[in-house]
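A, B, ... follow the sequence lines: proteins, then strands. Residue 1 opens every chain.
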There are 2 protein chains.
Amino acid sequence: MRVGGKWTAMVLRCLEDGTPRRFSELRVPLHWITPKVLTETLRAMERDGFLRRTVHDENPPRVEYALTDLGRSLITPLDAACAWARTHAPEITEARTAYERAAS
Amino acid sequence: MRVGGKWTAMVLRCLEDGTPRRFSELRVPLHWITPKVLTETLRAMERDGFLRRTVHDENPPRVEYALTDLGRSLITPLDAACAWARTHAPEITEARTAYERAAS
DNA sequence: CGGGATCCTTAAGGATACTG
DNA sequence: CAGTATCCTTAAGGATCCCG
């Protein structure tokens with residue numbers, strides 16, 4: 001599953017408000033991810049039905065990406081995971097510190 | 001985070017009932033994962049405070065792994081993710097089929 | 001029994017350059 | 001603008017053998 005990919009969650013965040021975004025618009029909040037990697041991520045998400053790719057026949061070309069219902073349904077478990085991370089991050093940090101201390 | 005690792009979730013499943021398990025016991029349900037990979041996974045999870053490693057001073061040696069409270073707290077979001085996957089797996093399969101069909 | 005040491009394969013991710 | 005093409009680096013994961 002590409003759900004576990006490095007960029008899938010961040011693309012989801014970029015599109016969760018329902019507004020379609022263009023390829024270049026997506027690159028900005030993603031720290032200027034290279035075109036190749038963004039393309040791979042978007043293609044995989046389109047393939048799995050998480051987003052829809054719309055090509056507008058204009059000049060210059062315009063391509064927009066928007067979440068599908070399936071993609072939107074991912075937001076809930078994603079939020080749950082983020083909430084868990086925020087809540088428990090201090091404990092993890094503490095555990096790591098304790099581990100390092102025990103190692104020395 | 002090692003939470004996204006390939007084996008972390010499965011180790012969690014092996015220990016979620018609260019019963020401590022030995023190194024060898026863990027290997028069985030994990031399709032005979034190699035010792036190196038299991039060790040790496042367990043060490044990372046111990047480092048992050050998800051489980052506790054207990055060495056019993058016996059002969060032959062006995063080492064047991066058990067979830068901590070922090071590790072148990074991961075079960076909830078993990079269940080949520082699994083529930084999502086079960087619910088939407090057919091949609092993903094269908095989307096992939098449609099994608100393949102459109103490609104040809 | 002519970003690993004450590006070593007070597008290897010693969011795939012994700014990325015840098016750079018070019019194109020319809 | 002929205003990619004494609006090519007090459008490269010790294011690290012996860014794994015196979016195999018060895019040890020206290």
## Note on the structure
Per-helix bend value, the helix from C:dC1-D:dG20 to C:dG20-D:dC1, C1' rotation axes over five pairs per end, 10° rounding, shows 50°
### Task
Taking only heavy atoms on the protein side, list every residue of residues 28-38 of chain B lying under 4.0 Å from any atom of DNA chain C, sorted numerically.
B:P35, B:K36
### Query
Considering only side-chain heavy atoms of A:P61, which listed nucleotide, D:dC1, C:dC1, C:dG13, is closest?
D:dC1
### Query
Between B:R27 and D:dG14, is there a side-chain N or O to OP1/OP2 distance below 4.0 Å?
no
### Task
Go through the structure and list residues passing side-chain hydrogen bond (donor to acceptor under 3.5 Å, both in side chains) with B:E25, not counting sequence neighbours.
none
### Query
Mind checking what makes salt bridge (Lys or Arg N to Asp or Glu O under 4.0 Å) contact with B:D69, not counting sequence neighbours?
B:R72
### Query
B:V63: what forms a side-chain contact (heavy atoms from CB on, under 4.5 Å) with it, not counting sequence neighbours?
B:R53, B:V55, B:Y65
### All salt bridge (Lys or Arg N to Asp or Glu O under 4.0 Å) counterparts of A:R43, not counting sequence neighbours
none
### Query
Which of these nucleotides, C:dC1, C:dG13, D:dA2, is closest to any side-chain atom of A:R53?
D:dA2
### Query
For B:Y99, which fellow cluster members are found when Ile, Leu, Val, Met, Phe, Trp and Tyr are connected by side-chain heavy-atom distances below 4.5 angstrom, either directly or through intermediates?
none
### Message
List the residues meeting side-chain hydrogen bond (donor to acceptor under 3.5 Å, both in side chains) with A:E64, not counting sequence neighbours, and say none if there are none.
### Response
A:R62
### Task
Strictly below 4.0 Å, heavy-atom distances to any atom of DNA chain C: list the hits from residues 16-24 of chain B, or just say none.
B:R22, B:F23, B:S24
### Task
With sequence neighbours left out, write down each residue that passes salt bridge (Lys or Arg N to Asp or Glu O under 4.0 Å) with A:E94, or none if nothing qualifies.
none
### Message
Using the side-chain contact (heavy atoms from CB on, under 4.5 Å) criterion, which residues pair with B:P61? Sequence neighbours excluded.
### Response
none
### Message
Just to verify, what does B:R47 make a salt bridge (Lys or Arg N to Asp or Glu O under 4.0 Å) with, not counting sequence neighbours?
### Response
A:E100
